[in-house]
S.K.: 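Encoded as structure tokens, here's the structure I'll be asking about.
Residues: numbered from 1 along the sequence shown. Computation of the quantities below employed the complete heavy-atom set of this structure, encompassing side-chain atoms and omitting hydrogens, waters and symmetry-equivalent molecules.
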Amino acid sequence: SNGFTINQTGVYKVTYTVTDNDGNAAQKDRTIVVFSAVDYLSDRDWESATTEYKEVRKDQSVLNSTIKLGIDGETTEFEKGIGAHANAEIVYDLSDVTGPLFFETYLGVDRNLDEQTRSSVIFKILGDGNELYNSGLMKWADDAKYVSLDLTGINELKLIVDNGGNGNASDHASFADTKLFVLDAAPTLKIPKDAAVKVGETIEEIYGVYTATDAEDGDLTSQVEVMG
């Protein structure tokens with residue numbers, strides 16, 4: 001055991017073992033990431049976003065429709081993601097994230113287009129200028145590919161859609177359910193909006209009740225410092 005627990009963020013190796021009645025054993029190791037916060041990439045501001053057709057869109061396909069990708073042979077809709085069209089490049093600054101950081105997405109030719117053979121794209125993911133992932137050529141009929149990457153220490157994330165070398169006709173490409181798993185997220189501090197306080201009234205009477213919580217440490221409201 002390497003101390004795996006769902007109550008402490010970290011990266012753990014978990015081993016699954018089974019033995020049959022004849023003593024034959026099978027074993028698989030898997031990496032489990034216990035995170036404290038999910039940060040959808042489409043909820044962050046990008047540094048830049050370019051595409052050769054229409055515009056890069058957050059939580060929509062390039063056609064401004066719900067993102068649709070093929071999953072296990074079926075067209076599946078996604079509420080979150082990024083829609084683009086070859087050739088495209090989307091750049092994010094991740095320098096504000098400290099500690100371990102993991103990235104996950106599905107990617108493929110968007111199925112808001114009717115079935116055809118013209119679409120052909122290559123997805124690339126770069127971290128600080130180094131290629132971390134290359135999908136190879138993908139067509140409309142291909143299922144979306146699942147990508148999981150360790151981005152710990154990466155300051156710049158770049159998502160690229162390439163036309164595959166044969167022009168960009170019908171090269172509608174989407175990243176779906178694209179998110180960052182943060183292992184050392186800051187506490188969440190909820191405080192009502194700014195307000196005017198009459199002389200003699202307490203802040204809480206006008207300002208409301210504030211709360212502070214942390215994924216690992218629980219309720220931290222009693223530790224909030226109010227200064228002014």
S.K.: Could you tell me whether D114 atom CG has more than 12 heavy atoms of other residues or ligands within 6.0 Å of it?
M.R.: no
S.K.: At what distance, to the nearest 0.5 angstrom, does CG of D219 lie from OG1 of T211?
M.R.: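 D219 atom CG to T211 atom OG1 measures 7.5 Å (nearest 0.5 Å).
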S.K.: Donor-acceptor pairs under 3.5 Å, side chain of residues 153-161 to any protein atom, not counting sequence neighbours: which ones?
M.R.:
none

S.K.: As an exercise, state the distance from CD of E77 to OG1 of T66, rounded to the nearest 0.5 Å.
M.R.: 5.0 Å
S.K.: Can you name the nearest heavy-atom pair linking L69 to G108, along with the distance?
M.R.: CD2-O, 3.5 Å
S.K.: Ring centres under 6.0 Å, that's the criterion: do F4 and Y12 meet it?
M.R.: yes
S.K.: Could you list the residues that satisfy salt bridge (Lys or Arg N to Asp or Glu O under 4.0 Å) with K179, not counting sequence neighbours?
M.R.: E104, D177
S.K.: Could you state the interatomic distance from OG (S42) to CD1 (I90), rounded to the nearest 0.5 Å?
M.R.: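 That separation rounds to 11.5 Å.
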S.K.: How would you list all residue pairs meeting ring-ring contact (aromatic ring centres under 6.0 Å, His included) that involve residues 117-140, not counting sequence neighbours?
M.R.: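 Sorted result for residues 117-140: F123-F175.
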S.K.: Give a yes or no answer on whether the side chain of N163 reaches the backbone of G165 with a donor-acceptor pair at less than 3.5 Å.
M.R.: yes
S.K.: Output every pair passing ring-ring contact (aromatic ring centres under 6.0 Å, His included) with a member in residues 54-81, not counting sequence neighbours, ordered by first then second residue.
M.R.: F78-Y106
S.K.: Does the R118 side chain pair with the main chain of A169, one donor and one acceptor, at a distance under 3.5 Å?
M.R.: no
S.K.: NZ/K145 to OG1/T105 distance, rounded to the nearest 0.5 angstrom?
M.R.: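 Answer for the NZ-OG1 pair, K145 versus T105, is 13.5 Å.
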S.K.: Would you mind reporting whether V109 and V121 have side-chain heavy atoms less than 4.5 Å apart?
M.R.: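 Contact flag for V121/V109 side chains = yes.
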S.K.: Ignoring hydrogens and angles, tell me if any N or O in the side chain of E47 forms a donor-acceptor pair with the backbone of D93 under 3.5 Å.
M.R.: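 Here the side-chain-to-backbone pair does not exist.
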S.K.: Should W46 and F103 be counted in the same cluster of Ile, Leu, Val, Met, Phe, Trp and Tyr side chains packed under 4.5 Å apart?
M.R.: yes
S.K.: Would you say T221's side chain and A212's backbone share a donor-acceptor pair under 3.5 angstrom?
M.R.: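 Yes.
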S.K.: For the pair K139 and D171, find out whether any cationic side-chain nitrogen is under 4.0 Å from an anionic carboxylate oxygen.
M.R.: no
S.K.: State whether Y16 and K28 meet the cation-pi test: NZ (Lys) or CZ (Arg) under 6.0 Å from the six-membered ring centroid, and within 45° of the perpendicular axis.
M.R.: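 The answer is no; the distance or angle limit is not met.
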S.K.: Is it the case that more than 12 heavy atoms not belonging to D72 sit under 6.0 Å from its CG atom?
M.R.: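 Check fails, neighbour count at 12 or below.
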S.K.: Is the backbone N or O of S65 less than 3.5 Å from a side-chain atom of S61, with the two atoms forming a donor-acceptor pair by type?
M.R.: yes
S.K.: Between L101 and L132, is there shared hydrophobic-cluster membership here, with clusters defined by ILVMFWY side-chain heavy atoms closer than 4.5 Å?
M.R.: yes
S.K.: Can you check whether K68's main-chain N or O pairs, donor with acceptor, with D110's side chain at less than 3.5 Å?
M.R.: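 Side chain of D110 to backbone of K68, a donor-acceptor pair under 3.5 Å: yes, one is there.
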S.K.: Once you round to the nearest 0.5 Å, how far does CG of N112 lie from OG1 of T75?
M.R.: 9.5 Å
S.K.: Where the side chain of S174 meets the backbone of G83, is there a donor-acceptor pair that is under 3.5 Å apart?
M.R.: no
S.K.: Please check if the number of heavy atoms outside D45 that lie under 6.0 Å from its CG is greater than 12.
M.R.: no
S.K.: Give a yes-or-no answer on whether the side chains of S119 and S170 include a donor-acceptor pair shorter than 3.5 Å.
M.R.: no
S.K.: What's the shortest heavy-atom distance between A144 and I71, and which atoms?
M.R.: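 Of all heavy-atom pairs spanning A144 and I71, the closest is CB-CD1, 3.8 Å.
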S.K.: Test side-chain contact (heavy atoms from CB on, under 4.5 Å) on L41 and Y92 and set out the steps.
M.R.: CA-CA 9 Å; L41 213 55; Y92 285 92; 3.6 Å; yes
S.K.: Ignoring hydrogens, what is the shortest heavy-atom contact between E55 and V62? Give both atom names and the distance.
M.R.: O-CG2, 3.5 Å
S.K.: Begin from the C-alpha positions of D59 and I67 and carry the test side-chain contact (heavy atoms from CB on, under 4.5 Å) through to its verdict.
M.R.: CA-CA 7 Å; D59 301 328; I67 291 172; 5.8 Å; no
S.K.: Between R57 and I82, is there a side-chain heavy-atom distance shorter than 4.5 Å?
M.R.: no
S.K.: Using the side-chain contact (heavy atoms from CB on, under 4.5 Å) definition, which of the options L149, V33, L180, V182 pairs with F102?
M.R.: V33
S.K.: Between L126 and V91, is there a shared hydrophobic cluster once you connect ILVMFWY residues whose side-chain heavy atoms come closer than 4.5 Å?
M.R.: no
S.K.: Where do N168 and A86 come nearest, in terms of heavy atoms and distance?
M.R.: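 For N168 versus A86, the nearest heavy atoms are ND2-O, 3.0 Å.
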S.K.: Once the angle between the rings of H172 and H85 is folded into 0 to 90°, is it parallel (under 30°), tilted (30 to 60°) or perpendicular (over 60°)?
M.R.: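 The rings of H172 and H85 stand perpendicular, inter-plane angle above 60°.
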S.K.: Could you work out the complete set of other residues in the hydrophobic cluster of I122, with links drawn between I, L, V, M, F, W and Y side chains under 4.5 Å apart?
M.R.: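 Under the 4.5 Å side-chain rule, I122 groups with L137.
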S.K.: Taking all non-hydrogen atoms of both residues, which atom of K124 and which atom of N134 are closest, and how far apart?
M.R.: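 Taking K124 first and N134 second, the nearest heavy atoms are CE-ND2, 3.7 Å.
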S.K.: Around E131, counting heavy atoms of other residues, nucleotides and ligands shown, do more than 12 lie under 6.0 Å from its CD?
M.R.: yes
S.K.: How long is the span from the CG atom in N7 to the OG1 atom in T5, to the nearest 0.5 Å?
M.R.: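 Rounded to the nearest 0.5 Å, the CG-OG1 separation comes to 4.0 Å.
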S.K.: Test side-chain contact (heavy atoms from CB on, under 4.5 Å) on V147 and L107; report intermediate values, then the result.
M.R.: CA-CA 8 Å; V147 182; L107 46 79; 3.8 Å; yes
S.K.: Does E74 CD have over 12 foreign heavy atoms under 6.0 Å away?
M.R.: no
S.K.: What residues, two or more places apart in sequence or in another chain, satisfy side-chain hydrogen bond (donor to acceptor under 3.5 Å, both in side chains) together with D29?
M.R.: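 For D29 the side-chain hydrogen bond (donor to acceptor under 3.5 Å, both in side chains) partners, ignoring immediate neighbours, are T15.
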S.K.: Specify the closest pair of heavy atoms between L94 and L151, including all atoms of both residues, with the distance to one decimal.
M.R.: CD1-CD1, 4.0 Å
